[in-house]
Amino acid sequence: MAQRSLVWFRNDLRLHDHEALTAALAESSDILLLYCFDERQFGKLPSGFPKTGKFRAKFLIESVEHLRQAVRERGGELLVRMGKPEQIIADLAGALGITSVYFHQEATSEEQYVESALRQNLNALGVRTREFWGSTLYHKSDLPMSIEALPDVFTNFRKQVEKHAQVRPLFPTPTRLKHFADVEAGEVPTLQGLGLEEPQPDVRAVMTFKGGESQGLQRLHEYIWQKDLLKTYKDTRNGLIGADYSSKLSPWLANGCLSPRKVYEEVKKYEAQRIANDSTYWLIFELLWRDYFRFIALKYGNRIFHKFGIKGKPREWSHDREAFERWVVGKTGQPFIDANMRELAATGFMSNRGRQNVASYLVHDLNVDWRWGAEYFESVLIDYDVCSNYGNWNYVAGIGNDPREDRYFNPKRQAALYDPKAEFIKRWIPELSSWDAKRLIEADSLEYT
Ligand SMILES: Cc1cc2nc3c(=O)[nH]c(=O)nc-3n(C[C@H](O)[C@H](O)[C@H](O)COP(=O)(O)OP(=O)(O)OC[C@H]3O[C@@H](n4cnc5c(N)ncnc54)[C@H](O)[C@@H]3O)c2cc1C
């Protein structure tokens with residue numbers, strides 16, 4: 001029997017390694033492709049910040065535009081809608097005689113709520129869903145343990161996975177796509193239409209991030225092959241300035257423009273053709289952290305958002321709004337912290353070293369509720385990923401997966417190690433450019449604010 005299917009794109013804005021799309025193409029006579037901007041993602045967070053800030057919204061818009069272009073180049077069409085996916089998809093299914101809806105599942109409650117509402121609406125219409133898991137390097141079903149038995153210490157998880165699981169091969173990129181319905185394609189919204197302003201370019205930014213699958217693949221190619229940087233990744237990954245100290249793949253991974261299995265495949269090719277060393281392994285190691293936080297989110301559900309975290313560890317948090325706002329705008333008086341926070345506000349990106357430090361400073365030095373910091377990151381980070389963000393914040397706040405109870409990043413010591421000439425500090429706090437580096441690094445509380 002002819003089957004009409006709809007593929008619902010979510011955080012999987014790519015054509016390569018897309019299991020839901022591959023299955024729909026194999027099982028259907030006609031397919032419709034859809035991306036839906038969920039209006040609930042463009043409201044305000046409890047702390048008042050826009051839920052999706054301007055950097056991430058811009059990257060998302062670009063990613064959807066590029067996906068549409070890639071689909072059109074193959075003879076198809078990507079429908080774009082704004083609203084509630086569970087209603088929009090059900091309406092389309094009813095109107096167009098769709099019999100199956102294909103999509104990738106997500107790991108956290110807001111997204112799972114939409115999935116379950118969609119299932120219900122489609123069920124009432126007699127339309128089935130075909131659901132897949134496609135966001136991690138190791139497939140959820142290939143883990144050598146159940147989600148309930150997932151170890152609470154990363155190393156235990158990693159060792160078991162490395163020993164007993166295998167990364168699945170990639171799904172092929174389709175070369176032809178057909179569009180069957182005479183239905184309006186729909187406009188991709190603008191930033192202005194979403195109530196957001198255009199981010200201003202900043203020459204000090206680590207790089208210009210442009211959303212889209214081909215841009216993600218290009219960055220992967222550039223980092224690994226053209227610039228040949230993979231072989232030194234482990235030595236450079238704690239850097240602070242410029243495009244090349246780390247892969248910068250995170251925004252494309254977060255939006256699914258890049259599949260982690262694609263990154264893995266390129267690393268394996270590089271290891272076979274050029275060199276295999278600690279650095280080439282370490283990029284995969286970091287992708288395992290990404291997987292881990294996703295599986296932790298499945299295991300602990302909404303506890304990753306709770307003030308006592310997944311450990312359920314009671315702690316009194318301060319709600320000093322003024323201290324928090326000084327942290328947000330980079331005016332705490334601690335130069336290394338402020339430089340990082342200014343970079344984030346100006347560009348939507350911050351290094352991993354920076355993130356660890358500013359998060360530690362907020363929760364351990366200022367004792368401010370970690371959820372405020374996590375929400376600010378949710379709003380501003382161009383690579384925001386719910387599992388990686390809340391998982392890392394839990395970890396730094398000492399209420400997550402860190403086996404050490406008392407981990408603390410001393411910003412003076414960290415600046416001495418990672419910014420010994422205060423180049424990074426001076427880059428982001430130009431009013432300090434004539435200051436002596438040693439004095440800047442050793443400062444506790446400066447009066448430049
Ligand atoms: C408080 C805090 C919040 C964070 N929030 C996010 C977030 O919202 N989104 C996000 O992608 N990362 C987050 N991270 C993790 C990490 O900082 C970024 O993934 C990394 O800085 C992105 O730069 P890169 O792509 O050059 O990383 P690379 O060093 O090149 O690493 C390659 C990839 O591995 C993954 N990865 C690396 N480190 C981590 C980590 N600690 N946890 C999970 N995945 C990791 C990322 O997908 C990254 O793109 C957070 C870290 C902290 C401490």
Side-chain angles (χ1 to χ4, degrees), residues 11 52-53 55-56 59 108 135-137 154 157-158 206-207 209 216 219-220 222-224 229-230 232-264 266-267 279-297 304 309 327 337 340-341 343-344 347-364 370-402 407 409 414:
N11 286 321
T52 305
F55 299 108
R56 185 150 61 91
F59 193 90
T108 45
S135 57
T136 47
L137 180 60
F154 169 73
F157 162 79
R158 178 181 60 77
V206 286
M207 61 181 272
F209 291 101
R219 172 63 189 167
L220 181 64
E222 175 189 69
Y223 182 77
I224 293 187
L229 294 165
L230 184 57
T232 50
Y233 168 70
K234 191 160 182 253
D235 309 317
T236 60
R237 59 180 284 275
N238 282 308
L240 301 166
I241 298 174
D244 295 341
Y245 64 80
S246 65
S247 76
K248 309 295 187 306
L249 295 175
S250 53
W252 290 285
L253 285 164
N255 286 275
C257 302
L258 261 186
S259 155
R261 289 189 292 239
K262 175 67 185 165
V263 180
Y264 181 84
E266 291 301 315
V267 172
S279 283
T280 58
Y281 165 73
W282 214 262
L283 193 72
I284 306 301
F285 176 95
E286 293 301 337
L287 289 177
L288 263 173
W289 266 110
R290 181 178 173 277
D291 274 17
Y292 183 59
F293 285 131
R294 204 151 288 235
F295 297 131
I296 282 290
I304 64 167
W327 177 82
I337 299 303
N340 276 291
M341 292 305 292
E343 179 190 24
L344 177 61
T347 69
F349 190 83
M350 188 196 291
S351 67
N352 185 56
R353 183 56 44 189
R355 294 180 206 201
Q356 289 174 317
N357 272 277
V358 301
S360 166
Y361 189 81
L362 185 78
V363 299
H364 299 306
W370 71 272
R371 293 169 302 173
W372 286 8
E375 279 197 7
Y376 178 62
F377 271 33
E378 175 171 352
S379 180
V380 180
L381 275 178
I382 193 167
D383 63 10
Y384 170 69
D385 169 314
V386 52
C387 304
S388 293
N389 190 52
Y390 282 86
N392 273 292
W393 273 96
N394 265 258
Y395 188 96
V396 178
I399 52 176
N401 301 96
D402 190 351
R407 194 182 300 271
F409 290 83
Q414 292 277 311

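All of these numbers come straight from a predicted model, not from anything done at the bench. Whatever order the structure lists them in is the order used to number ligands and atoms, beginning at 1.
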Exercise. Does Phe349 have a non-hydrogen atom less than 4.0 Å from ligand 1?
Worked result: yes
Exercise. Does the side-chain contact (heavy atoms from CB on, under 4.5 Å) test come out yes or no for Phe377 and Tyr384, once each step is laid out?
Worked result: CA-CA 7 Å; Phe377 271 33; Tyr384 170 69; 5.7 Å; no
Under 3.5 Å, is there a donor-acceptor pair linking the side chains of [X] and [Y]?
| X | Y | answer |
| --- | --- | --- |
| Glu286 | Tyr233 | no |
| Ser250 | Lys248 | no |
| Tyr292 | Asn401 | yes |
| Thr136 | Asp291 | no |

Heavy-atom nearest neighbour in the protein, as seen from [atom], with distance rounded to 0.1 Å:
| atom | value |
| --- | --- |
| atom 52 (C) of ligand 1 | Asn392 CB, 3.4 Å |
| atom 33 (C) of ligand 1 | Leu287 CD2, 4.0 Å |
| atom 9 (N) of ligand 1 | Asp383 O, 2.8 Å |
| atom 45 (C) of ligand 1 | Glu286 O, 3.8 Å |
| atom 31 (O) of ligand 1 | Tyr233 OH, 3.3 Å |
| atom 5 (N) of ligand 1 | Asn389 OD1, 3.2 Å |
| atom 24 (P) of ligand 1 | Lys248 N, 3.5 Å |
| atom 43 (C) of ligand 1 | Ser388 OG, 3.6 Å |

Please indicate whether any nitrogen or oxygen in [X] is less than 3.5 Å from any nitrogen or oxygen in ligand 1.
| X | answer |
| --- | --- |
| Asp385 | yes |
| Ser247 | yes |
| Phe377 | no |

Exercise. Taking only heavy atoms of Tyr384, which atoms of ligand 1 are found under 4.0 Å from at least one of them?
Worked result: 8 (O)
Exercise. Which ligand 1 atoms does Leu253 reach within 4.0 Å, using its non-hydrogen atoms?
Worked result: 47 (O), 49 (O)
Please work out which of [options] has its closest non-hydrogen atom nearest to [atom].
| atom | options | answer |
| --- | --- | --- |
| atom 6 (C) of ligand 1 | Arg294, Glu378, Arg355 | Arg355 |
| atom 49 (O) of ligand 1 | Gly239, Ser246, Ser250 | Ser250 |
| atom 17 (O) of ligand 1 | Leu283, Val396, Asn352 | Asn352 |

Exercise. Does NZ or CZ of Arg355 come closer than 6.0 Å to the centre of the six-membered ring of Phe349, within 45° of the ring's axis?
Worked result: yes
For this session: List the steps, then state whether side-chain contact (heavy atoms from CB on, under 4.5 Å) holds for Trp370 with Glu375.
Result: CA-CA 9 Å; Trp370 71 272; Glu375 279 197 7; over 6 Å; no
Heavy atom under 4.0 Å from ligand 1: found in [X]'s side chain, backbone, both, or neither?
| X | value |
| --- | --- |
| Phe293 | side chain |
| Arg237 | neither |
| Tyr390 | neither |

Do [X] and [Y] touch side chain to side chain, with heavy atoms closer than 4.5 Å?
| X | Y | value |
| --- | --- | --- |
| Phe409 | His364 | no |
| Asp385 | Asn255 | no |
| Val206 | Asp244 | no |
| Tyr395 | Phe154 | no |
| Leu137 | Ile284 | yes |

